[in-house]
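Written out below as structure tokens is the structure these notes cover.
Only this structure's heavy atoms are used, side chains among them; waters, hydrogens and symmetry mates stay out. All chains are named by letter (A, B, ...) in the order of the sequence lines, taking the proteins before the strands, and each is independently numbered beginning at 1.
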There are 2 protein chains.
Amino acid sequence: MATQLNLSIDRSSPVPLYHQVVQGIEAAIHTGLLEPGSRLENEIDLAAQLNLSRPTMRKAMDELVRSGLLVRKRGVGTQVVSSQVRRPLELSSLYDDLTNNGSKPTTEVLSFSHIEADAATREALQLPAGAKVYHFTRLRKVGGKPLALMENWVRDDITTIDEVVLGSQGLYAILRNGGVNFRLASQRIGAMIANNYQAPLLEAAPGSALVTMERTAVDDTGRMVETGHHVYRADSYSFEMTLVQR
Amino acid sequence: MATQLNLSIDRSSPVPLYHQVVQGIEAAIHTGLLEPGSRLENEIDLAAQLNLSRPTMRKAMDELVRSGLLVRKRGVGTQVVSSQVRRPLELSSLYDDLTNNGSKPTTEVLSFSHIEADAATREALQLPAGAKVYHFTRLRKVGGKPLALMENWVRDDITTIDEVVLGSQGLYAILRNGGVNFRLASQRIGAMIANNYQAPLLEAAPGSALVTMERTAVDDTGRMVETGHHVYRADSYSFEMTLVQR
DNA sequence: AACATCCTAATGTCAGGACAAACTGTTGAC
DNA sequence: GTCAACAGTTTGTCCTGACATTAGGATGTT
């Protein structure tokens, strides 16, 4: 039996129709209207009910399959996946993640400089010799408890960065406001032992475990905008993600 | 200037046309025929050259955009991303990853049992009370060096698992041969300090850093098939991935 | 009762067309 | 000379239509 879902679409909205469907089904899943494991009606009927064409309906379901909420089987139908799946890792900053979760992070700028990039940074950001970058380290706390120690390098030919603003906004928000459209980022997650510099800042015992993350972000023009090396207290942070098989 | 690329498609092949295009462009990028930053011809011309419809061409480019190889901008065109991006995290086992990299991993089965699932395992795999699971721990070495210590729980109502085979094949290969079609997995990556059990097995000093990974995999029918807790030597392993902004 | 065959339902692939929206460069007015 | 309006190019969205492929049940035969 296929579950009935009543969603409506607004053709005068600037939001694409397929995306309205995505949001509608997502909401139905999260509110529990569509139970995990339940079958959806078939694409053609669903499209007809919403007065949409099948390709549009399919595009919506494609996105949901990609994000791991739905599972399709040819000749059978489409099922809601048995939930318990995390949302996939997104291209956002820790600050965004935390504020979305309702926490109130604070940021302390430990150092800030506008200097000539060294060889390693030029390599990471693919900059010519002599180019300058912003270099800064920040300490992020949540509820007064240190969570992350972040060191970043940002090219300076896109937008200016102000030390004061850096203390009150996430880096990604600043860059987006500066006109940067992020497209992708490559990152590497590992582990290390807290050294004598990191441990007191994070209020962790020397020798305790840290999660490390190195990331380089690319904007829509292909420029490497930002590279950074972050460490997190292992007892307070981990990376969750959902992998989808194609 | 748009780069010319000569690829051919085989309409008699069982491989979908759009996927042939994906493979062709991927190959052109990897061989360097399409240089990072170069522009592709527009969708309509490309489709016409290959005698394809625009939707088919677009579907191919969609996949490449999703995987982070291409970047599209409305009104402008499609560019090859400035490379240096890693391939995204895939739904595969460590064994697959290593063999793909040309290494020769060995696996030592430290323990193996077929037991009734405890509460935590039933919760993770969503099993009813009294259900049985396979439970085993394995030590993986590459080049004689210990790399990972893996503890897994697998439901037993899908395929039988043999201790001997487990020593010579990756878990995912065994399950796939047993008819399991994986669809998605949710995982969490963190860090910890090697304890007195892990350290000697991994030939690491007690107190050294480990990368931890917990994963639960779901098959195409929505069943939780496998859950596991793995730890890796932080000096030998890290997780690389590419995040794509939608 | 066991097995092979057919049928149905659903997703997968592909075509061709139309219009909308955004970016870029050019042209024109002031 | 500067700025705004415009036109061209390219991707974004949406439609209708058709056929292929697969899974699974129903049917019929042995």
Side-chain angles (χ1 to χ4, degrees), chain A residues 1-3 9-23 25 38-66 70-81 179-181 183 219-222 245-246, chain B residues 1-3 9-23 25 38-66 70-81 179-181 183 219-222 245-246:
Chain A
M1 234 289 290
T3 307
I9 56 169
D10 175 8
R11 295 193 91 91
S12 65
S13 161
V15 179
L17 302 181
Y18 71 89
H19 198 249
Q20 292 184 39
V21 176
V22 169
Q23 292 174 326
I25 297 181
S38 64
R39 272 235 331 273
L40 268 71
E41 295 179 75
N42 71 59
E43 298 171 353
I44 307 199
D45 289 351
L46 271 177
Q49 282 174 32
L50 297 174
N51 279 98
L52 294 172
S53 69
R54 187 178 161 217
T56 302
M57 193 66 215
R58 246 186 100 71
K59 174 149 188 172
M61 297 174 82
D62 266 342
E63 284 209 16
L64 292 163
V65 168
R66 260 188 286 138
L70 298 182
V71 166
R72 282 196 286 217
K73 278 182 81 176
R74 188 192 289 204
V76 180
T78 305
Q79 267 190 330
V80 178
V81 112
V180 177
N181 297 309
R183 273 306 139 90
D219 77 353
D220 55 1
T221 64
Q245 178 79 350
R246 286 200 243 274
Chain B
M1 232 282 292
T3 307
I9 54 168
D10 175 8
R11 295 192 91 90
S12 66
S13 160
V15 178
L17 301 182
Y18 71 88
H19 198 249
Q20 292 184 38
V21 176
V22 168
Q23 292 174 326
I25 297 182
S38 63
R39 273 238 326 279
L40 268 72
E41 294 178 76
N42 71 56
E43 299 172 350
I44 311 210
D45 289 351
L46 270 178
Q49 282 174 32
L50 297 175
N51 278 97
L52 295 172
S53 70
R54 187 178 163 218
T56 301
M57 193 65 216
R58 248 186 99 69
K59 173 147 189 173
M61 296 175 82
D62 266 342
E63 284 209 15
L64 292 163
V65 168
R66 259 188 288 138
L70 298 182
V71 165
R72 283 195 286 215
K73 280 182 80 174
R74 188 193 292 204
V76 180
T78 305
Q79 268 189 328
V80 178
V81 110
V180 177
N181 297 309
R183 273 306 140 90
D219 77 353
D220 56 1
T221 63
Q245 177 78 350
R246 288 199 240 272

Minimum heavy-atom separation for [X] and [Y], please, with both atom names.
{"X": "A:Asn51", "Y": "A:Arg11", "answer": "O-NH1, 3.2 Å"}
{"X": "B:Leu50", "Y": "B:Ile9", "answer": "O-CD1, 3.4 Å"}
{"X": "A:Val22", "Y": "A:Ala60", "answer": "CG2-O, 3.5 Å"}

Under 3.5 Å between N/O atoms: give me all the protein pairs with nucleotides 7-10 of chain C, atom names plus distance.
{"from": "C:dA10", "atom 1": "OP2", "to": "A:Asn42", "atom 2": "ND2", "distance (Å)": "3.1"}

(request) Identify, with sequence neighbours excluded, every residue that meets side-chain contact (heavy atoms from CB on, under 4.5 Å) alongside B:Arg74. (result) none
(request) With sequence neighbours left out, write down each residue that passes side-chain contact (heavy atoms from CB on, under 4.5 Å) with B:Gln79, or none if nothing qualifies. (result) B:Arg39
Length of the [atom1]-[atom2] vector between [X] and [N], whole Å:
{"X": "A:Arg66", "N": "C:dT11", "atom1": "CZ", "atom2": "C1'", "answer": "17 Å"}
{"X": "A:Leu64", "N": "C:dT11", "atom1": "CG", "atom2": "C1'", "answer": "16 Å"}
{"X": "B:Lys59", "N": "C:dT11", "atom1": "NZ", "atom2": "P", "answer": "14 Å"}
{"X": "A:Arg58", "N": "C:dC14", "atom1": "CZ", "atom2": "C1'", "answer": "12 Å"}

(message) Going by side chain to side chain donor-acceptor pair (under 3.5 Å), name the residues that satisfy it together with B:Thr56, two or more places apart in sequence or in a different chain.
(response) B:Ser53
(request) Check every nucleotide of DNA chain D for an atom under 4.0 Å from a heavy-atom of chain B, then give the first and the last such nucleotide from 5' to 3'. (result) D:dT9 to D:dT13
(message) Test of understanding: with salt bridge (Lys or Arg N to Asp or Glu O under 4.0 Å), list the residues that count as partners of B:Arg72, not counting sequence neighbours.
(response) B:Glu43, B:Asp62
(request) Using the side-chain hydrogen bond (donor to acceptor under 3.5 Å, both in side chains) rule, collect all pairs that involve residues 12-22 of chain A, keeping only residues at least two apart or in two chains. (result) A:Asp10-A:Ser12
(message) Return whichever of A:Met61 or B:Val15 has its heavy-atom-nearest nucleotide of DNA chain C closer to the 5' end.
(response) A:Met61
Which atom pairs link the protein and nucleotides 15-18 of chain C when you take only N or O atoms and keep those under 3.5 Å?
{"from": "C:dA15", "atom 1": "OP1", "to": "B:Arg11", "atom 2": "NH2", "distance (Å)": "2.7"}
{"from": "C:dA15", "atom 1": "OP2", "to": "B:Ser53", "atom 2": "N", "distance (Å)": "2.9"}
{"from": "C:dA15", "atom 1": "OP2", "to": "B:Ser53", "atom 2": "OG", "distance (Å)": "2.9"}
{"from": "C:dA15", "atom 1": "OP2", "to": "B:Thr56", "atom 2": "OG1", "distance (Å)": "2.7"}
{"from": "C:dA18", "atom 1": "N6", "to": "B:Arg54", "atom 2": "NH1", "distance (Å)": "3.4"}

(message) Before you tell me yes or no, could you show the steps for B:Thr78 and B:Val71 under side chain to side chain contact (heavy atoms under 4.5 Å, CB included), namely the whole-Å CA-CA distance, both residues' side-chain angles and the distance that decides it to 0.1 Å?
(response) CA-CA 6 Å; B:Thr78 305; B:Val71 165; over 6 Å; no
(message) I need the B:Met57 CE to B:Ile25 CD1 distance, nearest 0.5 Å.
(response) 4.0 Å
